[in-house]
Structures are given as C-alpha cells and as structure tokens.
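To start, the structure itself, in structure tokens.
A note on names: the letters A, B, ... follow the listed sequences, proteins ahead of strands, and every chain is numbered from 1.
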Amino acid sequence: MHVVVRNLNKNFGSFQAAKDINFDIQKGKLIGLLGPSGGGKTTILRMLAGLETPSSGDIYFHGKKVNNQAPQERKIGFVFQNYALFRHMTVSQNIAFGLTIQKRSKCYIESKVNQLIDLTGLTGLEKRYPHQLSGGQRQRVAFARALAPEPQLLLLDEPFAAIDAKVRKELRTWLKEMIQRLGVTSIFVTHDQEEAIEIADEIIIINSGQVEQVGTPMEIYKHPKSSFVANFIGESNTIKEISKLQGFEKYQNSGEAMIRPEFIEIFREDEVINRCTSQLGVVSNVVFKGNNWQVEVKVGDLNLVAYRPFEKDELTIGEEVWIYIHQVHFFEQGQSNVIKNRNILKKQYQQAIYSSNNYMFN
Amino acid sequence: MQNLNTEPLYIKRILIALVLIIFGFIFILPLVSIFIDAFSKGIELYVASIIEPDALSAMRLTLLTVVFAVPANLVFGVTAAWAITKFQFKGKNVLISLIDIPFAVSPVIAGLVYVLLFGVGGYFGPWLIMHNINIIFAVPGIILATMFVTFPFVARELIPLMQSQGIQEEEAAICMGASGWQTFWKITLPNIKWGLLYGVILCNARAMGEFGAVSVVSGHIRGMTNTLPLHVEILYNEYQFAASFAVASILVMLAILTLVVKGFIEWKHEQEQQRCGE
C-alpha cells in the first residue's frame, strides 16, 4: 500500500508529540521509524493505525484520505510492543481471530492458520497459551496474528524490544525475509539504530516529534543532514572549533562539525607518511571491538574517537601518535557539507583507505 | 540467609491462640448460638416459623430484590469499569471516588435520601401520587435502596483488574476488524470473568442481608414489604426468639452458601491460572 502523510500534528494537552510530519512510503517497502525513546514514533504509528486521532494533517492510503476511517476499516496489521496476545486463547485461536471476525469459512480459517503456523515456525505449539511461550515465540504469534487477515499495511511497534539480544538478531533477519517474501508494506518503530540499518529499506529519523531525515540507511549514514542524525546513526565526533585541526585551519567560526571515526587515521611514529599534514596526539583509551580497535586520541583539548585496523600494531594508553583527518561534515540549515582535508596525505594511498573504510556497507 | 522469624515459639503460640479466641467469640459462637436458639423449641417450631406465610413472603421479596439489584449492578459495574479503564475523559478521578459513596455513607442515610426524594413530602412525591406510583413503602423502594448500597461491589472488583490488564488486547482486536461489541464479548469479558463473578457474589451476599437502608424505605408491612432481615427483627421485637432465630438461620445458611461458592470460584480461578501459567 502506498502511504502518504501530510503535515501531521498531534498534541496531548500542551505537549506536541508530532510536529508537521511529512513522508511518502512506496508499496512493498520496509520502513524503519527511528529515533530516541519518547520522540513520538509510536504516536505516529498509532495515528496510521487509527488508534490515535491526529490534531491536524492528513493520512492517505492508496491516495485515499483515511483520517475518518475507523481502525477496523483500514486493513492494517498491528504488532504491539508487548504483543498483546489474547491471553485466554491458544496460539491457533489467536491467529484465527481476525479471520473469525471476517466470518471466513471454517475450512479457509483452518488452512490459513496452518499455513501461518508453518511459515512462522510455530508447529507443535498450536494448543499452547501465550503464558506458555517464550518471548521469541510470542513475537512470532503476534506477527502471524497480524498477517492472517492479509493486511495492506503492517505496523510494528518496537517489535524486538522485549526479546533478549541473541534471539533478537535471529528474529530480525527472519522478519526481514518474511516481509520481503510476502511483499506487504511495513513500518516498524525502533530506537535501535543497528536494527534499523540492518533491516529497513528506508529509514525515517524522528526526533522530538519531527522528521529529521528520510533516506536509505546508506544515504543517511553517508550524508547526515544534521548533527543529531550524525550522532544517532553510527559513531561520530562532534567538534565545536574545527580550525584547530590540521588541514581545516581556514574554517574559522564555521559552526559545529562532525567527524566519523573511520575518517580519522592513526599512525605510529614509524608509520607516518607525511608529518606536515598530520597532527600529534596522545592515546587516552583503547577498546578492542572484535574486528578493529576503537582508539581515543587526545589532540589539544579535543578527545577524538578513531578506528585502527586490527592488522596494525596495538597501541598503548599514553603513547604519542600522529592523526590524519580525511573528511569533516558541516551542518547548515538542514544541509550537510562534506569537506575533504586540503592537505593530501598521499594520493594513491588515500584511495586505498577510502575503499577499506566503506567495508561496513559492502 | 538470616532467619527473619526470630520470635520465640511461645510468642507465635500466644498470637495464634489470641486470634483463635477472638475469632471464636466474635464469629463462631454467635453463629452457633443462632442455630442452638433456632432449634431450642424443637424442630416443629423451626419448620413452622419458616413455612409460615409471612416468612415465605419475606423470602420471596428478598429473592426478588436480589434478582433486580444484582443484575442492575452487574451492568452498571461493568459499564463503569469499562468507561473508567478504557477511555480518557475529564472528571474520571471524581467518578472513581463517587463510586465509593455507598461504602462511605451510612445505609440509614441512603434510605432516608430515597424517602426525601420519592416520599409523600418528597420532591417527586406529589407527581408520583398523581400517577399512582408507589416507591416508598413498596417493593420498588426496597430494590432501589438495595441497589444503592450494593452499587460499588462489581465496579470496585473490576476497575483494578481491568487497569492492570490495560487496553492493548482490545486495540489488537480492533485493528483486526472487531467491532466494540465483538471486542467486549470475545476479549474483555473472558479476561474479567472471574473477577466479575467474585464481584457479583459479594454484591449478592450484601443484597440479601441489607438491613439499614431497606428498613427506612420498607414500612415493615408484613407479607408485603418485609425482607428476611426485617422479618427477623420484627419477630425478635415480638419476643418470638425461636422463630426469629429460625429465620435468621436461613440467612446464615445463604451466607455460608455464598462463601462456599466464592471459595469454589477462587479455587477454580487458581486452577485455570496454574494451567495457563506453567
């Protein structure tokens, strides 16, 4: 289903939970509504479902305004954060609920329920009650129950929040595959950037009730429009006075800047290529991250977070190192500019660094 | 781990004994004495005082009152609990406090209020006389007074239960296309059935035994507006002790029956929870 939201507002008394929200969602896409807790994501989802009435603004499904449609008429599936399974019904009865409401034939209901139980891997648990299931199993039941009436739009509110970390990862991949296979337009709410990047086709970043940025995970990562987005998606260093850093001296009073850790390169004394373009710092912390080192370097009064490839030598705290900053982001009126270091480290070498730094999206 | 029960054994025994003695004197002894006194003049008199027309009429009236008051409060209680827990509206907290009024106000006052409203000198009195409707000193007044007194039982039982259950299951049902009515019957009612039954039983026990409010509005007309508790009082005031206790024993037995049913429901509910909770 094609979903369009225009100038959507929601006030709870004097608190504005959603401010002038606009976005378009193409049919069949999996969209992540990402933002910090209490930012209004769930309110937006509930307005799409019809469980909350917008204070102003319009919602269109398939080009048709649905503001005044009851939730029953919107053909949506909703997966609640705590699943809201019917506690007095078995797994099969839960999944069959939407179909019995539609007054489908017994035969149809039975085959549909069996099909969904197969699809969600719940075979053998049909007669269990919600209390007798694990978190992951409940999530699957909630998902199957929402899908049974064949909704045009699937809404998921923090679908993985109540599940422990290990199962969460499995379920994420499972859910993405399932949604892709069924081709149902889906919107899920999350505060976990990793989750959003991993499964969403497109991310809508929401902060204090406003849309900060819309785009594919890659676009948002590469070109964050605001320092909020830059900080929220991926690691970043926020720097007030960039002119103190080598290669960016001419950008005085240019406002806040952001540097991704992967664009800061660290050299030991014996590794440094061009001393004129690099800057001295002191290692203040080293954290082993599995496939690289996360190194904090103190440069003047700045503390910069950078990554160091695992194949290089380990650094020790207190060691003097040289750093080179490849690029910096500036934010001006909702736009970001990428500024490359004007002192070139060494042309060929630099290109090699770039390609290795983009590994996380390849 | 430190044992928190450090009291010596004798303190434990003294406390338990104290409770048993008080319980025996205040509850058990009076109940037993009712039966002893009821049968003091022989079983013939016991049976005679129960099947006497006035006693039978009192029993019928008590049952009639229960038949009207309990379902009315059942509907009211469910409606109030539903409104309070599922909707947001202004004055909700005031409404929650107002539901408790019958608990706070003396039943005598409750009865008097109805006399002031519907009695001959009351606000609606002249209009009611004109249209030949009797409320005070008639059955409708007794039912009204009983309803007033038993008003909070069902709602009080349901509100905390429904508050703890939240509204997500209902929302889930609505998203899947269920109407409000379907949601109530298929989702809400099965979730609250044990609490509801418990509330109804308490309400029922109180409706049968209510004395104060009913006493004010009934007029004590034998065979017409006497409920069981009023009949017991009348017999007692006429020094027919054996007969009075015989009728009282009926009330006691009804109360015990209520307790048994209540215990059974609690047991059944626990069983179901265990079955679901494993």
Side-chain angles (χ1 to χ4, degrees), chain A residues 12-13 42 45-46 48-53 69-90 93-104 127-133 138 141-157, chain B residues 78 81-83 85-94 157-158 160-199 265-278:
Chain A
F12 292 108
T42 299
L45 205 70
R46 289 174 62 86
L48 288 174
L51 296 172
E52 225 52 91
T53 326
Q69 260 184 15
Q72 288 95 328
E73 299 160 7
R74 292 194 186 192
K75 295 196 174 150
I76 43 137
F78 203 114
V79 177
F80 289 84
Q81 187 170 354
N82 300 313
Y83 319 126
L85 296 180
F86 305 135
R87 67 192 86 185
H88 62 283
M89 295 186 193
T90 62
Q93 286 167 338
N94 262 285
I95 299 173
F97 184 82
L99 300 169
T100 42
I101 293 293
Q102 287 179 352
K103 297 209 163 57
R104 300 296 190 118
K127 296 254 153 59
R128 295 255 187 113
Y129 284 89
H131 309 77
Q132 300 164 306
L133 301 175
R138 280 181 215 175
V141 177
F143 185 68
R145 187 181 68 174
L147 285 177
E150 293 175 2
Q152 300 184 335
L153 177 65
L154 185 62
L155 304 169
L156 306 111
D157 187 6
Chain B
V78 173
W82 176 277
T85 54
K86 311 285 177 190
F87 303 126
Q88 294 295 329
F89 56 92
K90 274 185 189 158
K92 193 158 133 173
N93 288 329
V94 179
E157 198 61 45
L158 289 184
L161 179 68
M162 285 167 82
Q163 265 170 346
S164 75
Q165 288 180 344
I167 60 169
Q168 283 211 325
E169 284 183 48
E170 279 82 3
E171 284 184 340
I174 283 169
C175 286
M176 281 184 273
S179 66
W181 199 236
Q182 284 173 319
T183 309
F184 175 74
W185 285 107
K186 289 177 192 262
I187 308 299
T188 311
L189 199 60
N191 278 346
I192 61 169
K193 64 178 175 202
W194 294 117
L196 186 62
L197 261 176
Y198 190 71
I265 281 175
E266 278 173 348
W267 173 76
K268 195 82 188 152
H269 179 40
E270 248 165 55
Q271 289 255 308
E272 187 162 293
Q273 275 200 325
Q274 260 171 11
R275 185 166 57 82
C276 294
E278 286 292 312

Quick check for you: to the nearest 0.5 Å, what is the distance between A/His88 atom NE2 and B/Leu189 atom CG?
9.0 Å
Within 6.0 Å of NZ in B/Lys92, more than 12 heavy atoms from elsewhere:
yes
At their closest point, which heavy atom of B/Glu169 faces which heavy atom of A/Leu85, and how far apart are they?
CD-O, 3.3 Å
Can you tell me which portion of A/Arg145 sits under 4.5 Å from chain B's heavy atoms? Options are side chain, backbone, both or neither.
both
Starting at CD of B/Gln182, measure out to CD1 of A/Ile101 and round the result to the nearest 0.5 Å.
3.5 Å
Quick one: CZ on A/Phe86 to CE on B/Met176, what's the gap to the nearest 0.5 Å?
4.0 Å
Measure the CD-CG distance between B/Glu170 and A/Leu51 for me, rounded to the nearest 0.5 Å.
12.0 Å
How about B/Lys86: does its NZ atom have over 12 heavy atoms from other parts shown lying under 6.0 Å from it?
yes
Chain A: which of B/Gly166, B/Ser179, B/Ala172 shares the most heavy-atom pairs with it under 4.5 Å?
B/Ala172
B/Gly180 to A/Gln72 - nearest heavy-atom pair and separation:
N-NE2, 4.3 Å
Run the numbers on B/Glu171 and A/Phe80 for side chain to side chain contact (heavy atoms under 4.5 Å, CB included), then give the verdict.
CA-CA 9 Å; B/Glu171 284 184 340; A/Phe80 289 84; 3.4 Å; yes
Which answer fits B/Gln165, side chain, backbone, both or neither, if we ask what part of it has an atom under 4.5 Å from a heavy atom of chain A?
both
